[in-house]
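Dropping the structure in here first, questions after.
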2 protein chains.
Amino acid sequence: MEKKLASTPISGKLLSGGSLAAACSTCSLRELCVPGGIPVSELEKLDALVAMRRRVKRGDTLFNVGDEFRALYAVRSGFFKTRITSSDGRDQITGFQVPGELLGFEGVATEQHGVDAIALEDSEVCILPYGELERIARDFQPLQHQLHRVMSREIMREHNVMLLLGTMKAEERVAAFLLNLSERYRHLGYSSNEFILRMTRQEIGSYLGLKLETVSRAFSKFQEQGVIEAQGKKIRLLDIEQLRKLVSSHKG
Amino acid sequence: MEKKLASTPISGKLLSGGSLAAACSTCSLRELCVPGGIPVSELEKLDALVAMRRRVKRGDTLFNVGDEFRALYAVRSGFFKTRITSSDGRDQITGFQVPGELLGFEGVATEQHGVDAIALEDSEVCILPYGELERIARDFQPLQHQLHRVMSREIMREHNVMLLLGTMKAEERVAAFLLNLSERYRHLGYSSNEFILRMTRQEIGSYLGLKLETVSRAFSKFQEQGVIEAQGKKIRLLDIEQLRKLVSSHKG
DNA sequence: GGCGACTGTTGACTTGAGTCAAAGGAGCAA
DNA sequence: TTGCTCCTTTGACTCAAGTCAACAGTCGCC
C-alpha cells in the first residue's frame with residue numbers, strides 16, 4: 001500500500017532543504033513549531049537538523065502503525081489526521097494536525113509508530129531525525145526544553161479530548177470541535193470564522209466518538225439556530241459566543 | 001502486603017533520602033520507573049536527583065491544578081488518581097497511577113500543573129525536581145532517552161483511552177479497565193487475578209465515561225456470568241480469557 | 001461498639017444517540 | 001459532458017445508558 005520505509009530519497013518525495021529558502025530561521029511558522037521560544041539568533045543550530053522535507057499527497061500516509069520510528073515530522077503545509085487501530089478492528093481518529101504541529105511522538109516509546117498519519121490534503125512536512133534531535137537537545141538547553149514543552153502540550157491536549165469524550169453530549173462535542181478548529185486557524189493567521197473542513201463527517205465523528213449522522217444532525221441544528229452556516233465542507237461561524245454556550249449547555 | 005516505609009518522618013511530610021537506604025540504585029521498582037533501561041552501574045547519577053520523598057495521606061492532594069510546576073513525582077507506594085476539571089464544572093479522571101508510574105508531565109508545558117493528583121490510599125512519592133532532571137538528562141543520554149520514552153508512553157496510553165471512550169460500549173469499557181489494572185498489578189509482581197480496587201464505582205465511571213450505576217451493573221452482570229467475583233472493592237478475575245472476549249464483543 | 005455518612009446495588013422509566021434506509025448533492029475520471 | 005462514487009442529509013425506529021429512587025452494606029470515627 002505505501003512505500004516500505006524509504007531511507008533512500010524516492011523520486012519526487014524528498015526535497016533537500018539546501019536548494020530551498022531553507023529551514024527554521026526563516027520559516028513563517030517558527031513561533032508555533034519546534035523553534036518556539038528559541039532566540040532567532042540561535043536558530044541556525046536547528047537548520048542543520050531539518051534539512052529534509054517530504055511531500056505527502058492527499059490520501060497518502062506519512063507513516064503507518066508498526067513502521068520503524070526514525071523521525072518526528074513538523075507539518076509545513078496541509079492537513080493530517082492520525083488514527084489508532086485496535087487488534088479487534090476498532091479505530092479512532094486521535095487528532096488532526098495543522099501547519100506548525102508535530103507528528104510522531106507516540107513512536108518514541110517503542111521505536112515503532114503507534115498510529116497511522118494520513119494527509120487529508122496535499123501536504124509538506126519537515127523531517128526531524130530523532131537521534132539528531134536528541135543529540136542537539138543535549139547541547140542546547142532551549143531546544144531540550146521546547147521539546148519537552150511540546151510533548152507535554154500533547155499530553156494536555158489529550159486530557160482535554162478525554163474530558164470531551166467522557167463528559168460531553170453530542171452537540172457539545174461538535175461545538176467544541178468547531179471552536180477548537182477555529183482557534184487553531186486564528187493562531188495560524190487564517191480566518192477563524194470561515195474555513196473549509198478538510199475531513200468528512202465520518203472522520204469528525206470518529207474523532208468525537210459519534211456516528212456521522214449525529215455530526216450531520218448537529219450541524220443542521222446549529223444552522224437552524226443561526227449559529228453557523230454549513231454547506232458541505234464550507235463552514236462559517238456566525239455566533240461564536242453562542243457556540244461557546246452550546247459547549248457548556250449541560251447545565252442550564 | 002508492602003513495606004511500611006520505615007525510618008524517620010521529618011516534619012511528617014518530607015523525608016531526606018540520605019538516611020534511608022536511598023534512591024534508585026537500590027529501589028525495587030527501578031526497572032519500571034525512571035531508571036528503566038539505565039545500567040545499574042550508572043544509577044548513582046540519579047540518586048542525587050531523587051533525594052527527597054514525600055508522603056501523601058489518603059484523600060490528600062499531591063498537587064492541584066494551577067500549582068506551580070517544579071517537579072515530577074514517581075509513585076513509590078500507594079495509589080493515585082489524576083483529575084481534570086473544566087471551566088464549566090465538568091470533571092474527568094484522566095488516570096490512575098500505581099507504584100513505578102510518574103505524575104506531573106502535563107505541567108511542563110505551562111509551568112503549572114494541569115490536573116489534580118489525589119492519593120487514593122496512604123502513599124509515598126519520590127520527588128524529581130524538574131530543572132535538575134533536565135540538567136542531568138543533558139549530560140547523561142540514557143536518562144534523556146528514558147525520559148522521552150516515558151512521556152511517549154503516556155501519550156500512547158492516552159490514545160488507548162481515547163479509543164476506549166470513543167468506540168467501546170459500557171461493558172466493554174469495564175472489562176478493558178479490569179484487564180488493564182490486572183496487567184499492571186502483574187507487572188508489579190502482585191496478584192493479577194485478585195486485588196482490592198482503590199477507587200469507588202463513581203471514580204471508575206468518571207474514568208470510563210460512564211455513570212456509577214452502569215459500572216455497578218456491569219460488575220453484577222460479569223459476576224452472574226461467572227467471569228469475575230466482586231464483593232464491593234474486592235475483585236477476583238475468574239476467567240481472563242472470557243474477559244478479553246467481552247472487550248471485543250462489539251462484533252460477534 | 002454503635003451511629004452516621006458514604007458507597008454500592010437494583011428496579012422502573014426516560015432519552016439521546018445509534019441503526020437502517022432512502023434520496024439528493026458534490027466531485028472526479030474518462 | 002456524462003456517469004460513477006463517495007459524501008451528506010433527513011426520517012423513522014430501536015436500544016443502551018442515563019436518571020431517579022429506594023434500600024442495603026460498609027467503613028471510619030466518636
Side-chain angles (χ1 to χ4, degrees), chain A residues 57-59 81 90 92-93 118 120-122 164-178 196-225 228-235 246-247 249-251, chain B residues 57-60 81 90 92-93 118-122 164-178 196-225 228-235 246-247 249-251:
Chain A
K57 288 234 278 284
R58 184 178 131 103
K81 67 175 177 183
R90 294 173 208 275
Q92 169 88 9
I93 288 178
I118 299 151
L120 294 181
E121 59 179 323
D122 292 354
L164 177 147
L165 292 171
T167 72
M168 292 188 184
K169 304 235 221 73
E171 286 171 21
E172 296 165 352
R173 296 182 198 192
V174 174
F177 169 77
L178 288 173
I196 306 287
L197 293 175
R198 253 62 236 213
M199 71 297 280
T200 65
R201 302 289 189 264
Q202 132 73 25
E203 287 165 332
I204 297 171
S206 170
Y207 180 59
L208 298 177
L210 302 170
K211 294 293 164 186
L212 69 94
E213 294 94 329
T214 306
V215 175
S216 178
R217 280 187 240 270
F219 279 18
S220 299
K221 184 152 175 211
F222 293 168
Q223 183 149 25
E224 271 171 41
Q225 295 172 339
I228 71 170
E229 204 179 294
Q231 284 195 59
K233 298 203 153 60
K234 216 171 129 193
I235 300 288
L246 284 167
V247 173
S249 61
H250 60 118
K251 201 127 273 174
Chain B
K57 287 233 278 281
R58 186 178 129 102
D60 286 354
K81 67 174 177 184
R90 292 174 210 273
Q92 168 89 7
I93 288 180
I118 299 151
L120 294 182
E121 59 179 324
D122 293 354
L164 178 146
L165 292 171
T167 73
M168 291 190 185
K169 305 236 220 76
E171 287 171 21
E172 295 165 351
R173 295 182 199 193
V174 174
F177 169 77
L178 288 173
I196 307 287
L197 294 176
R198 254 60 236 212
M199 71 296 280
T200 66
R201 301 289 189 265
Q202 132 72 27
E203 286 164 333
I204 298 170
S206 170
Y207 181 60
L208 298 178
L210 302 171
K211 295 294 165 186
L212 68 94
E213 294 94 329
T214 306
V215 175
S216 178
R217 280 187 239 269
F219 278 19
S220 300
K221 184 152 176 212
F222 293 169
Q223 184 149 26
E224 271 170 42
Q225 296 172 339
I228 70 170
E229 204 179 294
Q231 284 195 57
K233 297 201 152 59
K234 215 170 129 193
I235 300 288
L246 283 166
V247 173
S249 61
H250 59 118
K251 200 127 275 174

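Every heavy atom of this structure was used, including side-chain atoms; hydrogens, water molecules and symmetry mates were not. Just so it is clear, the structure is predicted and the values come from calculations on it, not from any experiment. In the text below, chain A, chain B and the rest are named by the order of the sequence lines, each starting its count at 1.
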Next item on the list: Starting at atom CZ of A/F222, determine the distance to atom P of D/dT8, rounded to an integer number of angstrom.
Entry: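 It works out to 17 Å between those atoms.
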
Item checked: Rounded interatomic separation in angstrom, taking CE from B/M168 and P from D/dA17 ->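 That distance rounds to 13 Å.
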
Next item on the list: Would you name the heavy atoms of B/R90 and A/T167 that are closest together and state the gap between them?
Entry: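 Closest pair (atom of B/R90, atom of A/T167, distance): CD-OG1, 2.9 Å.
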
Note to self: Heavy atoms from C-beta onward define the side chain here; which of C/dT10, D/dT10, D/dA17 lies closest to that of B/S216?
What the structure shows: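 Of the options given, the side chain of B/S216 lies nearest C/dT10.
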
Next item on the list: Indicate, with a heavy-atom threshold strictly under 4.0 Å, whether B/G209 touches base, sugar-phosphate, or nothing.
Entry: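 Here B/G209 touches the backbone only, sparing every base.
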
Check: Any donor-acceptor pair under 3.5 Å between the side chain of B/R217 and the base of C/dG11?
Finding: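 It does, because a donor-acceptor pair links the side chain of B/R217 to the base of C/dG11 below 3.5 Å.
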
Margin query: In whole Å, I'd like the distance from the CD atom of B/E213 to the C1' atom of C/dC13.
Written below: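 B/E213 atom CD is separated from C/dC13 atom C1' by 13 Å.
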
Notebook entry, point to check: Does B/S220 have a side-chain nitrogen or oxygen under 4.0 Å from the phosphate oxygens OP1 or OP2 of C/dT10?
Noted result: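 So the side-chain polar atoms of B/S220 do come within 4.0 Å of the phosphate oxygens OP1 or OP2 of C/dT10, strictly under.
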
Check: Roughly how many Å is it from NZ in A/K169 to C1' in D/dA17, rounded to a whole number?
Finding: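 After rounding, the reported distance stands at 13 Å.
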
Notebook entry, point to check: Whole-Å distance between D/dC7 C1' and A/R198 CZ?
Noted result: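 My rounded result for the distance is 16 Å.
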
Note to self: Starting the side chain at C-beta, find the nucleotide from C/dG18, C/dT10, D/dG28 nearest to A/K211.
What the structure shows: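 It is C/dG18.
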
Checklist line | Closest contact, heavy atoms only, B/E171 versus B/A218 | finding: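 Heavy atoms only, the tightest pair is CG-CB, 4.1 Å.
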
Next item on the list: Could you tell me whether a side-chain N or O of B/R198 sits under 3.5 Å from a main-chain N or O of B/K233, the two making a donor and an acceptor?
Entry: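 Judged by distance alone, no pair lies under 3.5 Å.
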
Notebook entry, point to check: Counting side-chain heavy atoms from CB outward, which of C/dG18, C/dG16, D/dG28 is closest to A/L210?
Noted result: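 Nearest to the side chain of A/L210 among the choices is C/dG18.
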
Notebook entry, point to check: Does the D/dT10 base have a donor-acceptor partner in the side chain of A/R201 within less than 3.5 Å?
Noted result: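 Checked by distance alone, the answer is no.
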
Next item on the list: Between C/dG8, D/dC7, D/dT9, spot the one nearest the side chain of A/T200, thanks.
Entry: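 In terms of side-chain proximity for A/T200, the closest of C/dG8, D/dC7, D/dT9 is D/dC7.
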
Next item on the list: Please confirm whether the backbone N or O of A/S206 pairs with a side-chain atom of A/Q92, one donor and one acceptor, at under 3.5 Å?
Entry: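 A pair under 3.5 Å: yes.
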
Notebook entry, point to check: Nearest-Å distance, NZ (A/K234) to P (D/dT8)?
Noted result: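 In whole Å, D/dT8 P and A/K234 NZ are 16 Å from each other.
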
Note to self: Tell me whether B/S220 contacts the main-chain N or O of B/S216 through its side chain, where contact means a donor paired with an acceptor under 3.5 Å.
What the structure shows: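 Looks like yes, one N/O pair under 3.5 Å.
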
Notebook entry, point to check: For the pair made of CZ in B/F219 and C1' in C/dT10, what is the distance, rounded to whole Å?
Noted result: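 Nearest whole value for this atom pair: 16 Å.
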
Next item on the list: Please state how far atom CG in B/L197 lies from atom P in D/dC27, giving the value in whole angstrom units.
Entry: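 About 13 Å, once rounded to whole Å.
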
Next item on the list: Could you tell me whether B/L212 contacts a base, only the sugar-phosphate backbone, or nothing, with contacts defined as non-hydrogen atoms closer than 4.0 Å?
Entry: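 Base: the residue B/L212, judged by heavy atoms under 4.0 Å, touches a nucleobase.
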
Notebook entry, point to check: Phosphate oxygens OP1/OP2 of C/dG8: is one of them under 4.0 Å from a side-chain N or O of B/K233?
Noted result: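 Indeed, a polar side-chain atom of B/K233 lies that close.
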
